[in-house]
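In this chain, numbering begins with 1 at the start of the sequence shown.
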Amino acid sequence: MSDSEAPPAVAPEGVSGAPGLSQEALEIASGYAFPGPSLDLGALLWDGRCLPDARIRIPLSVLNRHGLVAGATGTGKTKTLQLIAEQLSAQGVPVFLADIKGDVSGISVPGVSNDKVLERAQEVHQEWTPSACPAEFYALGGMGHGIPVRATVTSFGPVLLSKVLQLNQTQEQSLGLIFHYADQKGLELFDLKDLRAVVTFLTSDEGKAELKGIGGLSSATAGVILRSLTAFEAQGMSPFFGEPEFDTSELLRTASDGRGTVSVLELPEVQDKPQLFSTFLMWMLADLFHDLPEVGDIDKPKLVFFFDEAHLLFTDASKAFLESITQTVRLIRSKGVGVFFVTQTPKDVPSDVLAQLGNRVQHALRAFTPDDQKALKATVKTFPNSVYDLEEVLTALGTGEAVVTVLSEKGAPTPVAATRLGAPRSLMGPVEPAALDRAVRASPLYGRYAEAVDRESAYEKLAARDAAAAQAAAQAAPGAGRAPAKGGGRAKEEPSVVEQVVGSGIFKSLARSVGTQIGREITRSLFGTARRRR
């Protein structure tokens with residue numbers, strides 16, 4: 001039966017009918033008529049027309065079921081992030097955004113009305129008014145305008161650090177043994193020089209004997225790790241590791257009016273260090289996983305985390321690293337955290353991770369080469385059954401349009417819907433640097449994290465140990481300590497080596513460490529990330 005012969009379509013409850021709306025379009029629209037709180041993405045596209053009364057939404061309660069925003073460069077992925085983040089914030093959900101290109105800071109400033117924005121709002125029946133979100137700005141290691149975000153080497157852990165240093169699986173396991181040795185000996189690894197000091201000691205004549213006691217770590221492997229650390233430091237990576245360590249619970253804050261805070265991590269300064277920033281984002285997620293309690297299914301997520309340029313995380317990743325990512329993504333849902341991966345095609349994300357992403361917003365794909373065609377066909381296969389010819393639709397979508405499927409409030413996938421997305425209400429572009437600096441310095445977090453702190457740790461302890469050993473050797477040398485007394489007086493008696501060591505700061509620090517060792521436990525999560533618990 002053709003559409004002209006079919007009985008008049010009746011709009012399901014909650015869906016406004018439109019003249020000439022086909023049965024297929026009504027069925028799609030009814031799949032998005034959620035009774036509970038939801039985010040409004042835009043309006044249905046059907047048969048070349050925008051149907052503004054057929055709303056495409058995502059239920060707020062399923063945002064912890066994770067998602068994917070994909071599409072070719074220039075198709076509007078960043079604006080989609082902004083559109084979703086604004087609505088999450090308005091409903092009291094904190095958001096984390098990784099700002100790769102430096103153009104997301106505008107979310108803190110009301111948008112500017114222009115013909116293009118107003119035309120889009122009219123097309124999708126969006127009541128557009130300019131508005132801003134409460135925002136905090138961060139920068140890795142202070143490289144940028146934001147509040148510095150640092151992690152201690154101990155907290156970062158051997159698995160993630162191996163990814164940054166591009167170590168192989170054997171070297172990764174060896175680095176884990178080095179971390180274990182440092183934990184056992186009370187050698188705190190706060191920054192990179194601490195780790196380098198421990199590895200240097202273990203490759204020295206005195207330290208080689210220690211290698212046999214921690215699982216047979218070879219000197220050659222320790223040397224590779226040391227060279228990788230030296231090269232890493234030479235690239236200017238030291239500022240990212242140290243204290244004060246960033247407390248990831250800051251990402252869960254809300255403003256005084258109940259809106260969720262949008263945490264924007266500036267990354268333009270480290271665009272040429274993709275291994276670093278992608279792995280640092282994973283550290284944040286793993287740290288949240290380690291600290292948050294189980295909450296199960298809740299009315300709205302505690303945090304939604306947007307992982308931009310996600311393909312960088314998975315490139316050249318070890319099997320253990322991929323397994324840890326998969327397990328973290330799978331389990332963190334029950335702690336109320338939603339994760340959205342942002343990349344060009346679904347094939348950039350491993351299948352085990354992709355299977356966890358129930359909410360999909362797929363922008364246009366290009367099909368100019370055989371590889372593009374292959375990626376297009378692979379993308380189509382990741383969607384549930386559709387009444388659209390998705391290969392045709394995905395190559396014909398315009399900027400700010402996407403193919404959407406999400407999870408319903410009952411957990412079932414909604415029908416695939418080509419969608420014209422609404423316009424963000426905040427500024428679609430970067431904030432001026434001077435305004436950004438003022439916002440950062442006005443933050444209550446600035447005084448807490450701005451200045452780096454260098455406490456006594458492994459580097460200082462091992463240096464003091466070397467100094468004490470050198471002094472002991474000098475004292476034991478023939479004729480040592482026999483300097484003639486001036487003016488015929490008696491030379492002042494030097495303290496013994498034992499007295500010097502006992503009275504030194506390093507001995508007192510070690511004593512304090514031993515004294516608290518019984519009450520202290522270093523716990524490590526899936527990635528080997530750690531927190532000290534007393």
Under 3.5 Å donor-acceptor pairs involving side-chain atoms of residues 427-441, not counting sequence neighbours:
unit_1, atom_1, unit_2, atom_2, d
D437, OD1, H145, ND1, 2.8
R441, NH1, Y446, OH, 2.9

4.5 Å side-chain heavy-atom contact, [X] and [Y]:
X	Y	value
F305	F340	no
Y32	V406	yes
M284	V149	yes
F383	T405	yes
P130	R425	no
F156	T279	yes
T419	L44	no
V262	P94	no

Judged by atom type as modelled, is there a donor-acceptor pair below 3.5 Å linking the side chain of [X] to the main-chain atoms of [Y]?
X	Y	answer
E86	S426	yes
N64	V337	no
R360	V403	no
E172	S162	no
T254	G258	no

For F277 and W283, I'd like to know if the aromatic rings sit close, meaning centre-to-centre distance below 6.0 Å.
no
Ring centres under 6.0 angstrom apart (Y138, F246):
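Yes, the ring centres sit under 6.0 Å apart.
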Between [X] and [Y], what is the shortest heavy-atom contact and its length?
X	Y	value
S155	D287	OG-OD1, 4.1 Å
S89	P134	OG-CD, 3.8 Å
D348	Q344	OD2-N, 3.4 Å
S38	P59	CB-CA, 3.9 Å
K79	P424	O-CG, 3.6 Å

Kindly determine whether E119 and K116 satisfy salt bridge (charged side-chain N to carboxylate O under 4.0 Å, His left out), including the steps that lead there.
CA-CA 5 Å; E119 180 183 0; K116 191 174 181 180; over 6 Å; no
To the nearest 0.5 Å, how far apart are CG in D297 and CD in E409?
12.0 Å
To the nearest 0.5 Å, what is the distance between NZ on K101 and OG1 on T78?
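These two atoms lie 3.5 Å from each other.
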What pairs with T80 under side chain to side chain contact (heavy atoms under 4.5 Å, CB included), at least two apart in sequence or on another chain?
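In terms of side chain to side chain contact (heavy atoms under 4.5 Å, CB included), with neighbours along the sequence ignored, T80 is linked to V69, I84, V361, H363, L421.
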Side chains of E136 and S443: do they bring a donor and an acceptor to under 3.5 Å?
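E136 vs S443: donor-acceptor pair found between side chains.
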Any donor-acceptor pair under 3.5 Å linking the side-chain atoms of D371 with those of T369?
no
Can you tell me how the ring of F314 sits relative to the ring of F341, calling it parallel under 30°, perpendicular over 60° and tilted otherwise?
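Because their plane-to-plane angle lies in the 30° to 60° range, the rings of F314 and F341 count as tilted.
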Evaluate side chain to side chain donor-acceptor pair (under 3.5 Å) for Q362 paired with T379, printing each intermediate quantity in order.
CA-CA 9 Å; Q362 176 68 59; T379 298; 4.8 Å; no
